[in-house]
Amino acid sequence: MAVTTPQDVAVTPRDLHFSMEGASDRAWLGGDPVGTAVFNALSLTFPDGERLFMDAVRNYRPKLSGKLLADANAFITQEAIHSREHVGLNGSLDRNRYPVAEIEDELKRRMVMARGRGPIAMLSITIALEHFTAMMADRFLEDSAIFAGAPEDMVRLWQWHAMEETEHKGVAFDVFREISKDWSPLTRYRVRARVMLLVTLMFTRNITRFAAKLLIADGMKPLTAYARVLGYLFGKPGLFRKSWGAYFDWFRPNFHPWDHDNRAVLEAWRQAFTPSQPVAA
């Protein structure tokens, strides 16, 4: 099992831009309004969430050195670019039709609360949410059918994001291990297990609520909207359901994100998003 991120995993920021024209379609995900709402809800959480991740890792850069410091710097740059692109996607949503401002305001309030708990709490929340993003990234990279019928740039946006989330999935976790190296193993385990339980409740609830709000704005009845979103997440295609094995791995005392070693999949996707790829206008 992995103890830290493998030495041959390089975290490489790619300054890519994507056309967001397709995001204005009410059912850009292959004509599926429910899947579209789920992905739009995810995108709405990313900008403020990723800024929290960046600051959580940035807080501890003075305590890092060597490859971990380089990876932390690259992690921050990757997350900044992810945030920028999702701001663009979110800006393409019809704010007169959808409660985008309401959702963004709620997320900002939640981020203020998270920051108010201090640097350790911020980092603990980050590693738990990074585990969720790594689990979803597996689905996005391994099951291209999820994006069937979506505009090419929207597909590439989500696959690029997933590829870089996979690339840096162990960075914040390694920072957490470094800054908690003087803790007892039991204390470290209790902190990350407790935070993961809280993050699981909040993250799954928020994505469900936000996606349902978007569907209700399109005229779907509230109970139907919630049922359809839960079906998408936990039924078919099972965006969350298919990741439960990886999710429960978190609760092994010696868990590390790279215990799930998908470097072969990562390397294949790197060829599609090389750092030297021209940035689109």
Side-chain angles (χ1 to χ4, degrees), residues 5 11 13 38-64 68-69 71-91 100-137 157-158 160-180 188 191-211 240 247 250 257:
T5 298
V11 182
V38 169
F39 274 82
N40 285 343
L42 286 169
S43 183
L44 287 169
T45 70
F46 287 151
D48 284 311
E50 286 169 330
R51 292 183 193 110
L52 177 77
F53 301 170
M54 293 160 58
D55 289 342
V57 170
R58 186 181 286 118
N59 285 334
Y60 290 104
R61 281 195 300 190
K63 296 181 179 294
L64 310 179
L68 182 53
L69 176 58
D71 286 350
N73 288 332
F75 168 93
I76 291 168
T77 303
Q78 283 187 335
E79 294 289 42
I81 299 170
H82 298 171
S83 179
R84 181 195 71 197
E85 292 304 295
H86 282 279
V87 166
L89 190 161
N90 300 343
V100 173
E102 174 189 326
I103 292 171
E104 290 177 334
D105 286 346
E106 179 178 338
L107 288 165
K108 283 180 170 57
R109 290 194 300 272
R110 291 186 178 279
M111 292 302 106
V112 168
M113 291 174 60
R115 291 172 182 276
R117 294 181 179 274
I120 289 290
M122 288 170 61
L123 187 59
S124 300
I125 293 168
T126 295
I127 64 172
L129 284 168
E130 280 285 295
H131 188 52
F132 266 98
T133 58
M135 292 189 300
M136 289 189 292
L157 164 67
W158 286 95
W160 157 78
H161 192 164
M163 185 266 295
E164 292 199 345
E165 289 295 332
T166 300
E167 200 170 67
H168 73 224
K169 67 180 179 179
V171 175
F173 194 92
D174 289 342
V175 172
F176 176 78
R177 286 174 58 92
E178 174 63 22
I179 63 97
S180 65
R188 184 186 300 115
V191 167
R192 66 179 183 84
R194 183 172 63 248
V195 171
M196 177 56 85
L197 291 173
L198 177 61
V199 164
T200 300
L201 174 64
M202 300 303 296
F203 182 70
T204 56
R205 187 187 73 167
N206 288 342
I207 295 303
T208 302
R209 286 195 307 111
F210 297 158
F240 288 170
Y247 170 80
W250 177 271

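Any value given below was found using the heavy atoms of this structure, including those in side chains, with hydrogens, waters and symmetry copies removed. Worth saying up front: this structure is predicted, and the values here are computed from it rather than measured.
In this structure, Ile81 and Trp160 have side chains that are in contact, with non-hydrogen atoms separated by less than 4.5 Å. Looking at heavy atoms from C-beta onward, Arg51 lies out of side-chain contact with Met111 at the 4.5 angstrom threshold. Between Val199 and His131 the shortest side-chain heavy-atom distance does not fall below 4.5 Å. Between Val191 and Phe176, some side-chain heavy-atom pair lies under the 4.5 Å cut-off. A heavy-atom distance below 4.5 Å is not found between the side chains of Asn206 and Thr45. Residues Val175 and Leu123 form a side-chain contact, since some pair of their non-hydrogen atoms from C-beta on lies under 4.5 Å apart.
Sorted by first and then second residue, the pairs that involve residues 107-120 and meet side chain to side chain donor-acceptor pair (under 3.5 Å), not counting sequence neighbours, are Asp48-Lys108, Asp55-Arg115, Glu106-Arg110.
Rounding to the nearest 0.5 angstrom, the gap separating the CZ atom in Arg177 from the CZ atom in Arg188 is 6.0 Å. One distance of note links CG of Asp71 with OG1 of Thr5; it measures 6.5 Å at 0.5 Å rounding. We find the CH2-NE2 distance between Trp158 and His161 to be 7.5 Å, quoted to the nearest 0.5 Å. Going from atom CD of Glu85 over to atom CG of Asn90 covers 11.0 Å, rounded to the nearest 0.5 Å. Note that CG of Asp174 and CD1 of Ile179 are 12.0 Å apart. Values are rounded to the nearest 0.5 Å. Residue Thr204 holds its OG1 atom at 8.0 Å from OH of Tyr247, rounded to the nearest 0.5 Å.
Between Val171 and Leu68 the shortest heavy-atom distance is O-CD1, 4.2 Å. Ser83 approaches Glu50 most closely through the heavy-atom pair N-OE1, 3.2 Å. Looking at every heavy atom in both residues, Ala128 comes nearest to Met196 through O-CE, 3.5 Å. Across Gln78 and Pro13, no two heavy atoms sit closer than the pair CG-CA, 3.7 Å. A pairwise comparison of heavy atoms in Phe75 and Val11 identifies N-CG1, 4.0 Å as the closest pair.
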Does Leu201 form a side chain to side chain contact (heavy atoms under 4.5 Å, CB included) with Leu197? I'd like the steps, not just the answer.
CA-CA 6 Å; Leu201 174 64; Leu197 291 173; over 6 Å; no
Side chain to side chain contact (heavy atoms under 4.5 Å, CB included) evaluation trace for Ile125 with Leu198:
CA-CA 9 Å; Ile125 293 168; Leu198 177 61; over 6 Å; no
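With Thr166 contributing its side chain and Ala162 its backbone, the two residues share a donor-acceptor pair below 3.5 Å. Checked by atom type and distance alone, the side chain of Thr126 pairs as donor or acceptor with a backbone atom of Met122 at under 3.5 Å. When atom types are taken as modelled, the side chain of Tyr60 and the backbone of Ile120 share a donor-acceptor pair closer than 3.5 angstrom. Counting only distance, with no hydrogens or angles, the side chain of Arg192 and the backbone of Trp250 share a donor-acceptor pair below 3.5 Å. Within the 3.5 Å criterion, the main-chain N or O of Met54 finds no donor-acceptor partner in the side chain of Glu79. In this structure, the side chain of Thr133 engages the main chain of Glu130 through a donor-acceptor pair within 3.5 Å.
Side chains of Glu165 and His168: a donor-acceptor N/O pair is present below 3.5 angstrom, by distance only.
In this pair, Phe132 and Phe203 present their aromatic rings tilted. The plane angle is within the 30 to 60° band.
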